[in-house]
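Some notes on the structure that comes next.
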Amino acid sequence: MKQLYLEDIQLLVKGMVLAEHVYIGKLDAKEQKSIGIYPFKDGSRYEHGVGRELTYGSKKVSFLVHWNKSPSDTEKAAIALFENLVQVKEERINEKDILFVRPLTDEPVGVGTDESGIYEMVIEAEFVYER
């Protein structure tokens, strides 16, 4: 059974060439123009086939767009990522087939600034992939 990992999603997002830095987990240096990828905090419910094997899986993740001191630039960067994610259809990454990406909100959500005044926005999405 194939599993989709955060590093697979990181590779996909790096290929979109939207940010200078794409990381998984905590960014110690807090570099501007970065996208962070995190496991979805609420988790996912376990899905299984009844009487047969389930042919797809899903992985929910949160993206943190940590951009700069301009709320407008940050919003534009977050919308660019959002639009790129919804366009993913039948993408192959690390021998895994991502069928599509479903955002869990209608648009990126502003979460204010960090302690340095850098604006941040969050996108939560579900990746549906072939097992």
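Starting from 1, each residue takes its place in the sequence as its number.
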Leu85 and Phe127, any side-chain heavy atoms less than 4.5 Å apart: yes

Neighbour count >12 (heavy atoms, 6.0 Å) for atom CD, Glu90: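 Result for CD/Glu90: open.
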
Steps toward side chain to side chain contact (heavy atoms under 4.5 Å, CB included) verdict (Gln32, Asp73): CA-CA 11 Å; Gln32 291 185 33; Asp73 289 351; over 6 Å; no

Euclidean distance, [Y] [atom2] relative to [X] [atom1], rounded to 0.5 Å:
X      : Y     : atom1 : atom2 : value
Gln87  : Lys89 : CD    : NZ    : 7.5 Å
Lys76  : Ser70 : NZ    : OG    : 7.5 Å
Leu18  : Ile35 : CG    : CD1   : 5.5 Å
Ile118 : Asn68 : CD1   : CG    : 6.5 Å
Ser62  : Tyr38 : OG    : OH    : 9.5 Å
Trp67  : Thr74 : CH2   : OG1   : 8.0 Å

Might you point out which heavy atoms bring [X] and [Y] nearest each other, and give the distance in Å?
X      : Y      : value
Tyr23  : Ser34  : CE2-CB, 3.7 Å
Arg131 : Tyr56  : NE-O, 3.1 Å
Ala125 : Val101 : CB-CG1, 3.8 Å

Would you be so kind as to tabulate the donor-acceptor pairs closer than 3.5 Å made by side chains of residues 4-14, with sequence neighbours excluded?
unit_1	atom_1	unit_2	atom_2	d
Asp8	OD1	Asn94	ND2	2.7
Asp8	OD1	Lys96	NZ	3.4
Asp8	OD2	Tyr5	N	2.8
Asp8	OD2	Lys96	NZ	2.9
Gln10	NE2	Val22	O	2.8

Derivation of the side chain to side chain contact (heavy atoms under 4.5 Å, CB included) call for Glu126 and Lys59: CA-CA 6 Å; Glu126 178 179 24; Lys59 183 168 195 76; over 6 Å; no

Side-chain heavy atoms under 4.5 angstrom apart, residues restricted to Ile, Leu, Val, Met, Phe, Trp, Tyr: same cluster for [X] and [Y]?
X      : Y     : answer
Phe100 : Phe63 : no
Leu64  : Leu81 : no
Ile24  : Val61 : yes

Asn84: partners by side chain to side chain donor-acceptor pair (under 3.5 Å), with sequence neighbours left out: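 Per chain and number, Asn84 pairs via side chain to side chain donor-acceptor pair (under 3.5 Å) with no residue.
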
By side chain to side chain donor-acceptor pair (under 3.5 Å) - contacts of Glu120 (at least two apart):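 Checked Glu120 against side chain to side chain donor-acceptor pair (under 3.5 Å); matches are His66.
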
Test side chain to side chain contact (heavy atoms under 4.5 Å, CB included) applied to Met121 and Val111, step by step: CA-CA 5 Å; Met121 296 190 88; Val111 291; 5.8 Å; no

